[in-house]
Amino acid sequence: MGIAGRGLCLLVLIAILTACGAPAASPAPAPPASSPTAPASSPSQEDSCGDRLKLSKELYLFNWPDYIAQEALDRFQQECGVKVIVDTYDSNETLLAKLQAGATGYDVIVPSDYMVSIMIKEGMLAELDKSHLPNLKHIDPAHLGLYFDPENKYTVPYMWGTSGFMYDTAAIPRELKSWKDVFEPAPDVQGKISMLKDEREVIGAALKYLGFSMNTTSSDELQKAKEILLRQKPYVKAYTSDTNRDLLVAGEVVLAHIWTGDAIRARDAKPSLKYVIPEEGCTIWQDNLAIPKTARNKYTAEVFINFLMRPDIAAINANIIKYGSPNRTAIQQQLIDPALLNDPGIYPSEELKRKMEWLIDVGEAIELYDRIWTELGVEQ
Ligand code: SPD
């Protein structure tokens with residue numbers, strides 16, 4: 001049959017279908033070319049990929065190291081056909097500096113509380129379209145409307161935690177419970193300490209030890225904190241936020257300033273490790289999912305953020321990275337391992353939480369903090 005003949009057949013077919021009520025010119029939405037056939041989805045997974053025709057093939061996530069389960073990324077690729085490419089940073093300040101230096105390729109970032117305030121103030125975040133985030137209903141209201149984004153216009157909660165310290169009870173056979181044990185270390189601890197490579201956290205811990213606010217803007221108080229830190233420095237083996245877990249497990253340090261999830265994972269590998277929320281208190285924080293204004297794939301970014309809030313995916317993530325999850329449905333339905341939910345290191349009591357402090361944007365006083373950090377000579 002020639003081309004004209006085939007065209008005639010096609011016209012006849014369209015006429016028959018139209019007569020039967022089928023719309024002549026509305027193609028069924030199809031997954032993007034690179035994606036596998038969409039699997040049958042359970043009711044809870046409906047609409048997880050939003051409008052597939054609008055999805056990009058790739059999405060660029062700028063995250064803290066080791067802070068998302070590979071399985072969550074694989075599931076997003078299998079279900080929605082989008083490959084997530086992950087790059088990492090080890091502090092809020094590095095994230096800010098990279099974006100301010102003009103890095104434009106990121107679609108989703110994970111700033112902590114006080115850094116959200118700074119980024120909103122600097123006009124760096126895109127407003128979220130809540131109609132693309134139906135899974136927001138699964139988030140515990142206690143984690144919404146916090147001081148840094150009162151209407152959650154720009155961010156949704158990702159994980160939360162505390163910054164205490166962890167020590168090896170096999171190497172230090174006595175109870176440690178104070179920042180004093182960190183800043184004025186006993187001889188068997190000297191030289192075997194690691195501190196976070198994070199200026200607000202480290203200076204904040206020294207301030208807390210001295211009984212000051214972690215958000216002080218007083219130059220006298222900051223001067224005292226600096227003296228504590230300079231005195232402690234010869235005993236510090238490393239300032240690191242991403243290798244502290246390995247150092248503890250390998251026994252290269254016996255005490256580390258550390259974030260909850262990393263501590264819990266270190267303890268899984270070495271049960272003699274113990275996580276401590278110091279009696280003076282420590283930081284409590286929340287990391288959040290946000291979209292930089294410069295993102296090239298905003299719609300896909302929102303679909304991904306929504307996907308991460310789906311209870312089964314939030315649970316996969318929390319069960320692997322072991323930070324506190326803000327996903328109330330995943331918690332109530334015990335999709336998250338009950339051993340984690342009952343661990344007071346991850347989910348401290350309300351009473352303990354009252355001793356903790358949120359970091360806030362200290363405005364221009366950040367220059368005082370920067371100066372201390374430079375004088376401390378922590379390599380970038
Ligand atoms: N392993 C990645 C942990 C990320 C923790 N973010 C904490 C920020 C606290 N200010």
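Just so you know, ligand 1 is whichever comes first in the structure, and atom 1 is the first atom listed for that ligand. Quick note: residue numbers are just sequence positions, from 1. Just the heavy atoms: all of them, side chains too, but no hydrogens, waters or symmetry mates, feed the values below. Because the structure is predicted, anything quoted here is derived from the model rather than measured.
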For this session: Give yes if a backbone or side-chain nitrogen or oxygen of Asp262 is under 3.5 Å from a nitrogen or oxygen of ligand 1, and no if not.
Result: yes
For this session: Compute whether any side-chain donor of one residue and acceptor of the other, for Ser91 and Glu199, lie under 3.5 angstrom apart.
Result: no
Exercise. Side chains of Ser272 and Asp168: do they bring a donor and an acceptor to under 3.5 Å?
Worked result: yes
For this session: Could you check atom 1 (N) of ligand 1 against the protein and tell me its nearest heavy-atom contact, residue, atom and distance included?
Result: Pro65 O, 3.1 Å
Exercise. Under 4.0 Å from any heavy atom of Asp287, which atoms of ligand 1 are there?
Worked result: 4 (C), 5 (C), 6 (N), 7 (C), 8 (C)
Exercise. What do you reckon, are the aromatic ring centroids of Tyr323 and Tyr67 less than 6.0 Å apart?
Worked result: yes
Exercise. Tell me: protein heavy atom nearest atom 10 (N) of ligand 1, and distance?
Worked result: Glu201 OE2, 2.9 Å
For this session: Determine whether the side chains of Thr162 and Tyr275 contain a donor N or O and an acceptor N or O closer than 3.5 Å.
Result: yes
Exercise. Salt-bridged, Glu350 to Lys353, with N to O below 4.0 Å?
Worked result: yes
Problem set entry | Close approach of Tyr323 to ligand 1, heavy atoms, under 4.0 angstrom | yes
For this session: Report the nearest protein non-hydrogen atom to atom 8 (C) of ligand 1: residue, atom name, distance rounded to 0.1 Å.
Result: Ser112 OG, 3.3 Å
For this session: May I ask you to check whether Tyr158 and Asn317 show a side-chain donor-acceptor distance below 3.5 Å?
Result: yes
Problem set entry | Ligand-side contact atoms (ligand 1) for residue partner Trp285, heavy atom cut-off under 4.0 Å | 5 (C), 7 (C), 9 (C)
